[in-house]
Amino acid sequence: MSSKLVGVGVGPGDPELVTVKGVNALREADVVVVPVMDSGERGRAEATVLHYVPEEKVVRVVFALNERSDRARREAAWDAAGERVAELLRRHASVAFATIGDPNVYSTFTYLAQTVAELVPGTVVETVPGITAMQDLAARSGAVLTEGTEPLTLVPVTAGAAVLKDALAGPGTVVAYKFGRQAHEVAEALRETGRLADAVWGSALGLPEESVRPAADLDETPLPYLSTLIAPAPREGGRGGKL
C-alpha cells in the first residue's frame with residue numbers, strides 16, 4: 001500500500017484557527033513533521049501543532065527557511081529534508097507536514113512534496129487548506145479584502161519593491177507578504193501610489209507579541225520577517241459601489 005504525505009495548513013499562529021479537518025489530519029497521521037531553521041528554534045508551525053498532538057509524535061526537520069541568496073545551500077537543505085521525510089514514509093503509512101498558513105500558498109510543502117515524489121514513487125500527496133495571514137489580519141483589523149468585482153493581488157515583497165508598486169498602481173486590494181525587512185520601501189511605495197491612508201499591517205497574529213497597526217506608522221525600523229500588509233482597494237460610491 002502506498003504511503004500518504006499530507007500537507008496541513010495550521011494557520012498564521014493562533015491555534016484556534018486550525019480547522020477541524022486540519023486537527024483530524026494531524027491526529028490521524030503516524031508522525032507529524034514540522035519545519036525548523038538551522039538554529040533549531042521552535043517555529044510557529046511546531047508551536048501550533050503541539051496544542052493538538054503529543055510532542056513524541058512530532059519530528060523536527062531542518063529547512064533553510066531563511067536562505068535567499070545561496071541557492072546551492074538552500075537546495076541541499078531541501079534534498080536533506082526530503083530524504084528525511086522519505087525515510088519516515090518508508091516506515092509509516094501516513095506522514096503529516098504542518099505548515100503555517102496554507103500548504104498551497106508560498107509554502108515549503110510544495111518543494112518537499114516534489115522531492116518526496118521522486119524519492120518514494122507512488123506516494124499519495126494530499127493537502128488540507130489553512131487560514132492565511134491575510135484573512136486573519138483582515139479579521140483583526142477590520143480591513144475588507146474584496147468587494148464586488150475588485151481583484152485581489154498577493155505579492156511577496158521578497159520579489160522586490162517594484163513588483164509591489166506595480167500592484168498598488170492597479171484598482172484592487174493588494175496584500176504584501178514577507179515585507180518586514182523592507183518596511184521603509186513598502187511605506188514609500190504606499191505613499192507614491194496614494195494607498196497609505198487605508199493600509200494596515202500586522203505581525204505575530206494570534207500570538208502574545210501580536211501587532212496590528214496602520215501602515216502610516218511604518219518607518220525605517222525593521223519589522224518581523226513574516227509581517228503582512230493589506231492595502232484595500234480605493235472605494236467610492238458607497239455601499240455596493242463595486243458591484
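Every heavy atom of this structure was used, including side-chain atoms; hydrogens, water molecules and symmetry mates were not. Keep in mind that what you see is a predicted model, and the values were worked out from it rather than measured.
With rounding to the nearest 0.5 angstrom, the CG atom of L137 is 11.0 Å from the CD atom of Q135. Atom CG of D79 and atom OG1 of T115 lie 6.0 Å apart (nearest 0.5 Å). In this structure, CG on L152 lies 6.5 Å from OG1 on T146, to the nearest 0.5 angstrom. Taken to the nearest 0.5 Å, the CG atom of L154 stands 5.5 Å off from the CE atom of M134. Atom CG of L229 and atom CZ of R195 lie 9.5 Å apart (nearest 0.5 Å).
Considering only heavy atoms from C-beta on, V59 comes within 4.5 Å of V61 through its side chain. At a threshold of 4.5 Å between non-hydrogen side-chain atoms, the residues R44 and L207 count as touching. Taking 4.5 Å as the limit, some side-chain heavy atom of L164 sits within range of a side-chain heavy atom of V174. Residues V33 and F109 have side chains not in contact (no heavy-atom distance under 4.5 Å, counting atoms from C-beta outward). Counting heavy atoms from C-beta on, the side chains of F63 and L112 come closer than 4.5 Å. The closest side-chain heavy-atom distance from K178 to L226 is below 4.5 Å. Contact check for E185 versus L190: no side-chain heavy atoms found under the 4.5 Å cut-off. Residues L223 and L218 have side chains in contact (heavy-atom distance under 4.5 Å, counting atoms from C-beta outward).
Following chains of ILVMFWY side-chain contacts shorter than 4.5 Å, one cannot reach V36 starting from L50, and the two form parts of different hydrophobic clusters. V32 and V62 are assigned to two separate hydrophobic clusters, defined by single-linkage of ILVMFWY side chains at heavy-atom distances under 4.5 Å. No single ILVMFWY cluster, assembled from side-chain heavy atoms under 4.5 Å apart, contains both I230 and L168. Linking Ile, Leu, Val, Met, Phe, Trp and Tyr whenever their side-chain heavy atoms come within less than 4.5 Å puts Y225 and I100 in one cluster. Residue V49 is grouped with residue V128 when hydrophobic side chains (ILVMFWY) are merged at heavy-atom distances under 4.5 angstrom, including chains of intermediate members.
For S107 (side chain) and N104 (main-chain N/O), no donor-acceptor pair under 3.5 Å exists by modelled atom type. Checking side-chain atoms of S2 against main-chain N and O of G122 turns up a donor-acceptor pair under 3.5 Å.
Considering every non-hydrogen atom in both A215 and W201, the closest pair reads CA-CD1, 3.9 Å. Nearest heavy atoms, D198 versus P232: O-CD, 3.3 Å. Heavy atoms only, all atoms of each residue included: A98 and A45 are closest at O-CB, 3.8 Å. Among all heavy-atom pairs drawn from V200 and S141, the shortest one is CG2-OG, 3.6 Å. The minimum heavy-atom distance between V155 and V163, with the atom names listed, is CG1-CG1, 3.8 Å. Between G172 and A233 the shortest heavy-atom distance is C-CB, 3.6 Å.
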Output a table of donor-acceptor pairs, distance under 3.5 Å, between side-chain atoms of residues 83-90 and any protein atom two or more places apart or on a different chain; print 'none' if there are none.
unit_1, atom_1, unit_2, atom_2, d
E83, OE2, R90, NH1, 3.0

Which atom pairs, one a donor and one an acceptor, fall under 3.5 Å between side chains of residues 6-31 and the rest of the protein, sequence neighbours left out?
unit_1, atom_1, unit_2, atom_2, d
D14, OD1, E16, N, 2.9
D14, OD2, R140, NH2, 3.0
T19, OG1, G22, N, 2.9
N24, ND2, V20, O, 3.4
R27, NE, Y52, O, 3.2
D30, OD2, A93, N, 3.0
D30, OD2, S94, N, 3.0

Original post:
Between K165 and T193, is a side chain to side chain contact (heavy atoms under 4.5 Å, CB included) present by the stated rule, with each step listed?
Top reply: CA-CA 7 Å; K165 190 179 295 185; T193 55; 4.1 Å; yes
**OP:** Go through the steps for V58 and V53 under the test side chain to side chain contact (heavy atoms under 4.5 Å, CB included), then give the verdict.
**Re:** CA-CA 8 Å; V58 176; V53 300; 3.8 Å; yes
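A salt bridge links E150 with R235; the closest basic N to acidic carboxylate O contact falls under 4.0 Å. A salt bridge links R42 to E55: one of the charged nitrogens lies within less than 4.0 Å of a carboxylate oxygen.
Side-chain atoms of S3 and T123 form no donor-acceptor pair, as typed in the model, at a separation below 3.5 Å. At a cut-off of 3.5 Å, with distance as the only test, no side-chain donor of T132 or D102 sits close to an acceptor on the other residue.
Classification of the Y177-Y106 ring pair by plane angle, with boundaries at 30° and 60°, yields perpendicular.
Residue-environment remark: CD (E209) exceeds the threshold of 12 foreign heavy atoms within 6.0 Å.
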